[in-house]
There are 2 protein chains.
Amino acid sequence: MYGLKPAPFKTGSKLTRCKEPEMYMPTHRRANGNTESVDNYLKAILYLGGREESRVTIKALAERLSVAPASVTNMLQKLAASPAPLVAYERHHGVVLSQAGKRRALEVVRHHRLIETFLYEVLDYPIEEVHEEAERLEHFISERFEERIAAKLGHPKIDPHGHSIPTIEGEMAARESMLLADVVREGTFVIDSVSDRDAQNLRLIEACGITPGARVRVRKSSARGCDGYSVRVGRSARVFDLSREVARDVRIIRLAK
Amino acid sequence: MYGLKPAPFKTGSKLTRCKEPEMYMPTHRRANGNTESVDNYLKAILYLGGREESRVTIKALAERLSVAPASVTNMLQKLAASPAPLVAYERHHGVVLSQAGKRRALEVVRHHRLIETFLYEVLDYPIEEVHEEAERLEHFISERFEERIAAKLGHPKIDPHGHSIPTIEGEMAARESMLLADVVREGTFVIDSVSDRDAQNLRLIEACGITPGARVRVRKSSARGCDGYSVRVGRSARVFDLSREVARDVRIIRLAK
DNA sequence: GAGAGATATTAGGTTAGCCTACTAATCACT
DNA sequence: AGTGATTAGTAGGCTAACCTAATATCTCTC
Ligand SMILES: [Mn+2]
Ligand SMILES: [Mn+2]
Ligand SMILES: [Mn+2]
Ligand SMILES: [Mn+2]
């Protein structure tokens, strides 16, 4: 709120006009106090920092967020300068999340994945459409909403793409898996997860029956130069050929022979 | 998107530096093209214009939106000056919605009320909490989301407060009702709707069993100066005394004796 | 250890939405 | 119709997030 009172300071109050810039309320701030943009920076840092939570470069962030590097520098400086900083930023040496930053990032990821699960399970969205909607809504739902959909879904641990949903306490189960695109030795695998970032690829992947938990036989098929991966799902006869690009959107776990 | 290409204009291009301010993409704009703020202005104009769609004053808007009058003037000027204006604004003579503006306003209202219904019916929200959540989410859901929750709910015509939900085509059923606070002659009424704007009042109202469709006996109880309204719900023995303020949050329809 | 190329920062500018303070127009009432 | 109160509009500022262009720093190779 911005003080609707007329603020009738006596004009005769000497020199102390007490201007007090008054600290405007920013126009778009969400329930939790962060803006959508800030949330997205935090998520990107979490993702790019990887399991080891290594320092993330401005360039990597700029690319992931489709934003100019200068904008990233700007934002990080602001985030790092705040009284309770969400990131630790060192000039020319990238950025890492603070405790608070990591917490918030994981909360947004939890929102995102719960929403995806909800859209898929309850609202019957096609798998390739859940991500875009979740990407927006994740910033705007309340804690109550989060809690209610989690309850409705039976407190799921993974989302429809096979990704772990962080707990309320901010723990996310780590998973050991590899890219389908990194297969060299033919073998049998279980689908761990599929990427949600490219709707087109995802639709294609789903059409092949490649879905978390499915069992697949994978072979590198460098036939005629265009290297791809031939995949047979379950015990079906059909064999699909995935391009390298699509194969990079699938994570798998090798079954011990 | 903002043209990631380096835009390498030849420096030797004479005087025509072709600066082209390039029309930046505003940082927060939603799917449909409006910002949250614009949506809220439209909704407020729709509401304040009433059934007759009369001109709305800057002051009324400023109050409803909790914003300074100067901000309203500014916004209306911008909205009216756009190529496909959402409002018709005349200096010193208030504002009305254009066709397009009315359409959008009704769409947002539809979103709002469908979301409220969904939160109440599917996610078991307490009635007094649905409004706040809907007020935020209404701006951020996609058409698909709208369609899916509508389907899930069986295409409801009224929300849990008793308000009409506009159709997809932008039609909203008008309803004939009066404020409980305007009762002078004792009588029997049906609850038409309750206001969702004040959660506290609403909780109180609900606690009395006053809910859309309920039958009530109302009498003005000007006992000891503090004029209120005594209400008996259904055939219960309990009689509740509502303050004028609370009584203004309930709309009723007189039952033909 | 110098320089080239990559990466990051600074400087200056944009839009959207707010604000306050001041000024202008309209209205309402005698 | 005149005038004071109410209402609206203008001018000037602010933050949040972006942008481009120019500059600084780092890193890696020779
Ligand atoms: Mn996703
Ligand atoms: Mn997002
Ligand atoms: Mn509502
Ligand atoms: Mn709203």
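Protein chains get the first letters and strands the later ones, always in sequence-line order, with residue 1 at the start of each. What you see is a predicted model; the values in this text were computed from it and never measured.
Between D/dA16 and A/Thr35, no contact under 4.0 Å exists linking OP1 or OP2 to a side-chain N or O. Within the structure, a side-chain polar atom (N or O) of B/Ser37 is placed less than 4.0 Å from OP1 or OP2 of C/dC18. The side chain of B/Tyr41 places an N or O atom within less than 4.0 Å of a non-bridging phosphate oxygen (OP1 or OP2) of C/dC18. Taking only side-chain nitrogens and oxygens, B/Gln77 comes nearer than 4.0 Å to OP1 or OP2 of D/dT10. Put simply, A/Lys78 has no side-chain N or O that comes within less than 4.0 Å of OP1 or OP2 on D/dT15. In this structure, B/Thr73 reaches the D/dG9 phosphate: one of its side-chain N or O atoms is under 4.0 Å from OP1 or OP2.
In this structure, B/Glu107 does not pair ionically with B/Arg103, as no charged nitrogen and carboxylate oxygen lie closer than 4.0 Å. Checked for salt-bridge contact, A/Lys220 and A/Asp227 miss the test: no charged N lies under 4.0 Å from a carboxylate O. Using a cut-off of 4.0 Å between Lys/Arg side-chain N and Asp/Glu carboxylate O, A/Arg110 and A/Glu146 are scored as salt-bridged.
To the nearest angstrom, P of C/dT9 lies 8 Å from CG of A/Leu76. If you take CD1 of B/Ile58 and P of C/dA25, they are 15 Å apart, rounded to a whole angstrom. If you take CG of B/Asp39 and P of C/dA16, they are 15 Å apart, rounded to a whole angstrom. Remark: C1' of C/dG5 and NZ of A/Lys59 are 12 Å apart, rounded to the nearest angstrom. Between the NE2 atom of B/His92 and the P atom of C/dA24 there is a distance of 11 Å, given to the nearest Å. For the pair A/Glu90 CD and D/dT25 C1', the computed distance is 14 Å after rounding to whole Å. Going from atom NE2 of B/His93 over to atom C1' of C/dA25 covers 9 Å, rounded to whole Å. At whole-Å resolution of the value, OH in B/Tyr89 and P in C/dA25 are 13 Å apart.
Closest contact between the side chain of B/Ala70 and the listed nucleotides C/dT9, C/dA21, D/dA17 involves C/dA21. In the set C/dC18, C/dA8, D/dC18, C/dC18 carries the atom at the smallest distance from any side-chain atom of B/Met75. Nearest to the side-chain atoms of A/Arg91 among the listed nucleotides C/dG17, C/dC19, C/dT10 stands C/dT10.
Each of B/Gly94 and A/Val72 was matched to the nucleotide of DNA chain D holding its nearest heavy atom; the match closer to the 5' end belongs to B/Gly94.
Here the shortest heavy-atom pairing between A/Leu106 and A/Pro166 reads O-CG, 3.7 Å.
Between B/Glu135 and the choices B/Lys43, B/Arg113, B/Arg197, the salt bridge (charged side-chain N to carboxylate O under 4.0 Å, His left out) rule is met once, by B/Lys43.
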